[in-house]
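Structure, as structure tokens:
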Amino acid sequence: MPTRRTWRHTGVRLSLLALALLLLGEPGAGASASPDSRWIVLFEAPSTHVLHELADNAAFDVRWVESDLVVAEVEQRDLLHPLWGGRVVARRRLDQQLALLHARNLEELRAHAGASKALSTLHAARVAAARAASGEVWILLASPGAWPAEVLGCHGGLVLPKHDVDPRSLIERAPPAALLPWLLAPSRAWTPGEQRLLQAVAPESLAATLDQLTKNTLALDADRHVFSADLGGLYNPRVEEKMQRFVQGIGPPDSLVKRQEFIKTRRCSGAIDTTSTYNVIARLPGSVPGTGTFVVCGHIDATGSNDADWVRARDECRTLSATPGAEDNATGVAALVEGLRCIADGVRRGDVDFAFDLEFVAFSGEEAEGIEGPLTGSEHYVQQRLAAGTKLLGAINLDMVGSDSLGNNLQVVYNPASRWMAEWLVDAASSMDPPIDLTFTPQLDETLASDHNSFWMVNSPALLWADAPVNVLREYASYHRPGDVGLDVSVAKMAEVTRTLLAALLRFNTRAHTEPEILLPAEGVEMFLEIQGAKISYDRRFSRVWPGSPLTALASIYGLGAAYGGPLHVEIWIENSSGRRTVFDCVDDDCYALGGAPRPFPTGGRLDLGVDPIPIQAQDGGTNRLLARVTYERAPGEEVVQTVVDTFVVAEQVGLPVLVRPNPVRDPSSAEIAVQLERPGEVRVEVYNLEGELVATQMQRVQPFFQAQSKIVTLPILASSSAAPQMTSGTYFVRVRWQGPGGQEEAVTSRLVVIR
Ligand SMILES: [Zn+2]
């Protein structure tokens, strides 16, 4: 629909221009920013709690805000006050509602935003800004779809993808309750059994696995690429056989190593080829059933997608050249297999035991590029585990951990919810004697990079261990090329990585000490509330709702998976100046039924209660708070109450978004206005000259369901051609007035310049 596109494009351009002028003209706001360092960046669809979090970060100054919503929030929440105080430098009514925040980094933000795909780019930006050293950036928060990429491109901005991560992963969190006592326990010496285990790491054993993964005995190089039949026919079985051998004697034969099948596709020559492949999972059962599962993983598949010939052959369904994937990621798989060997030996000897189940997983499909996209194997794994009610306590993903040329660095990549894991790792590794010959670099980076992301997607803590930051790895010479044959791989380094893994896991060894007694607060129910205004004016979330227009809300409740399935009560209500009004109320099984959730509720599950639609009434005018409260008993008599709040503003009177075009114009009879309306009514157009004399007037009735999609009404400015000849060169005012069926009225005045 070109009309809509043109409209949006131009409207945004005007607004940004106004914004830029405002900033340039305001000494308080613009003093520290030179014009070439001023950037505008768009974030799509931040919900209010994300906005709070952003504003709460010291790296941002809230400099200028045009959103009534944000103003309302500021008045209501102490959280924003310190940042807000005295910093409103200007207010002007634009036809957009914006929150403009100011941060102190440009380059890193840009690089980060470009790399980050499905994960929280909003948070990524916050992190980048926090690490800022120089530069200036202006961040524009707006809602989805309103700001076309090309417009922001004109202004040096970025359009970041929709924020679709589990909101809980944005927040730093404590370790799972099952691990916390161990992590808080005072440091202790290694037991003799643990020392034996740590010394068992053998470079020759690592080299043997590396060889098995990168050398095909029938051919010269390995053929372990993602579409290769050899992956499932030769290499996965090799790893499986090895794992099988290592865990022998721990449980019933064949019970501990499993294949987990999933579909993979190959797209070539316009056809889609579907086969299946599998993850290989070795499981060491924990001594306390129900504690949860800890995962050590690495991907076994490889790709040649950075090699033009390989890609051409792939796209034409031809035979692909071999991709041994030595560094990426035979190194990670070899380290996890070696880790399993040592731990399993320790378990058999009785030197080590964990309360939780420990799973070593060789994921397939990490490099997949069919219909299903990358990380297929780990996504499948995570979904299966959650569906089975497994609590995923943490995961360590080893991906590219043996490069000699990248030095003895180990990059420890975490997201906010996994920060505790990075701290735990560094702490555990620093206690090694002899010391581990690696430098640990913790890094907060949510870039979509490898299988750990699949855990983050469902808000399970996970780390990526790698030789270097993700952007450096992607520049690695043989990265995703058939030339990744292992010339640069150091087995000595892989041994240090494996020792680190063992040192970290031994922190939870129940044979070394019993679980320290630490009183823990009960894990609370968590709830997030999102207003989803499909019919909110101009489809923008941070916007006004018209009286009579439907508003939907979604309350997502987590953490109901407690042992005791006591009574549950969920209530959602609106509070505004005229009082309180309940819009949703459910008790017990009704709630589960409405949320489509089973009872007992699965651990790690999520109960979504959609409230649709909430009738918006005239007395809701102004700022409204939408509140949701869940009341739940974790155990008999142990009640948990959680309340969340979101805010929306009901429109009373808003200037109409109007565009006059072309402008300037040579022939006034060709000029038209486009006006975007939310509701039918009567539109009146009046043209005045500079002296305030009425030059022309016309009226048009807009019927219900007019141009239902765009809601944009286009009218010629002059009803008849008779007025046009009177309009000499100069500026005119075009007044557009809308009157609704109930007598509501809105008006806006635009300029029209006539050049004869
Ligand atoms: Zn990889």
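Along the sequence shown, the residues carry numbers beginning at 1. Just follow the structure's listing: the first ligand is 1, and inside any ligand the first atom is 1.
When only modelled atom types and interatomic distance are considered, His299 and Asn397 share no side-chain donor-acceptor pair under 3.5 Å.
Here the side chain of Ser228 pairs a donor or acceptor atom with the backbone of Asp230 at under 3.5 angstrom. A donor-acceptor distance shorter than 3.5 angstrom exists from the side chain of Asn329 to the backbone of Leu398, with no hydrogens or angles considered.
Note on ring orientation: taking the six-membered ring where Trp is involved, the planes of Trp310 and His225 are perpendicular (angle over 60°, cut-offs 30° and 60°).
Using a 4.0 Å cut-off between charged side-chain N and carboxylate O, Glu496 and Arg499 make a salt bridge.
Protein nitrogen, oxygen and sulfur atoms, that is N, O or S, within less than 2.8 Å of the Zn ion (ligand 1) amount to 4.
The only option from Thr331, Leu336, Val333 that meets the side-chain contact (heavy atoms from CB on, under 4.5 Å) definition with Val401 turns out to be Thr331.
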